[in-house]
Amino acid sequence: MSVGTSSGPGAQDAGSPPAASRPPGDLAGLGIDPDQLPDGLVVADEQGRVICFNAAAERITAVRARDALGQPLEKALPLEDLEGRRWWQLTDPYGGLAIRVGQPERNLLLPGGREVLVSARYVRTRPTGPVRRLVVTLRDTEARRRTERSHAELIATVAHELRSPLTSVKGFTATLLAKWERFTDDQKRLMLETVDADADRVTRLIAELLDISRIDSGRLEVRRQPVDIGAAVGRHIQAYVAAGQPADRFLLRVQQPLPALWADPDKIDQVLSNLLENAVRHGEGTVTIDVTATASPRDGEHGESGEKAATSVTVSDEGPGIPEESMNRVFTRFWRGSKRGGTGLGLYIVKGIVEAHGGTIEVGRAPGAGAEFRFTLPVSAPAYLA
């Protein structure tokens, strides 16, 4: 543990401060080693010399603890704000206002220009008394940057996907309004059908964004009802056949008996729609859907009577499949199996829906070398029947 314990300037006085004001070295009394903390921890004594510099602080700053301990804080941790001003001189924790209790988290720069998130707490033995300990926490900005990049990518994708249908809607409606009498009924119908289809596309995109928001915030609601999963798959197949797909392209195999499945029918339809659309658009040959009873994905066990306690649905095709190096990215945002359109958000939403049901989903290679998606849902039941 990188905590100073010498009898020098940082040593404990005979008049020991209360527990809440003791230096982090006293965390050992709670069975906590500062090196086990996930964030960087740097503590300076009443004279501004470093008495604690944990392992996370070493990793974030690239400064060795043995080089920092005993050094003045401004030398061991030479931080600057984004305008190039020396941070410790600017904030003056030891000589500034005695009513201050610390500094809120903000981006600061280490030597070399590396950004870190820094916050500070001033520990006093009494209100407005001198600072006895300066406690500084450090966090790497990489996680925040990844989140910001993800949000920026989402905004860019949404803007790109909205531009095309909205341009079409605006163009056709403006043309119809300006030259209504010049078009035949068939021409008007064609343009209005195009506007209707583009409006549906915008509606789907907005629904995807709402789903992502709920998934990311943990607020995706699941309204469980009895679901006949085999019949649900059959409806999707019939819709594809009605749209022109050959009936013999689909093979549905349902194992009987299946356990009673309680799930959100609309969200399960969304999962099936996405997986079947991927197989039809990006796969080749026969699309095979297997519905089987299996053990619960949560504990691998069977039900109380020994029956299978979950339902699995496997969707596979005979296309080129998914490259091995892409397998671990399939369920991330913006992953696309090909360049043939799409937002790259569908499988991310599918995973969120399945996990909201307490289930699991995985991807692999089908026996025919195509892609294979398999999701498993516990049978569950609504709370009022549990």
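From a predicted model like this one, the values you see are computed outputs, not experimental measurements.
With sequence neighbours left out, E277 forms a salt bridge (Lys or Arg N to Asp or Glu O under 4.0 Å) with R281. Taking the side-chain contact (heavy atoms from CB on, under 4.5 Å) definition, one finds that R223 meets it with E221, D264, sequence neighbours left out. Under the side-chain hydrogen bond (donor to acceptor under 3.5 Å, both in side chains) criterion, E80 pairs with no residue at all, not counting sequence neighbours. Applying the side-chain contact (heavy atoms from CB on, under 4.5 Å) rule to T286 yields the partners L251, T288, E318; only residues at least two apart in sequence or on another chain are considered.
Cluster partners of L190 are absent, since no Ile, Leu, Val, Met, Phe, Trp or Tyr has side-chain heavy atoms less than 4.5 Å from it. Hydrophobic cluster of I99: the remaining members, joined at side-chain heavy-atom separations below 4.5 Å, are L97, listed by chain and number. Counting Ile, Leu, Val, Met, Phe, Trp and Tyr side chains that sit under 4.5 Å apart, directly or through other members, V195 shares a hydrophobic cluster with V169, F172, L176, W180, F183, M191, L192.
Within the structure, salt bridge (charged side-chain N to carboxylate O under 4.0 Å, His left out) pairs that include any residue of residues 88-100 do not occur (at least two apart or interchain). Residue pairs meeting the salt bridge (charged side-chain N to carboxylate O under 4.0 Å, His left out) criterion with at least one member in residues 367-377, sequence neighbours excluded: E362-R374. Within the structure, side chain to side chain donor-acceptor pair (under 3.5 Å) contacts touching residues 234-243 (residues at least two apart or in different chains) are H236-D269. For residues 90-119, no residue pair satisfies the ring-ring contact (aromatic ring centres under 6.0 Å, His included) rule, not counting sequence neighbours. For residues 65-78, the pairs satisfying salt bridge (charged side-chain N to carboxylate O under 4.0 Å, His left out) are R64-D67, with sequence neighbours left out.
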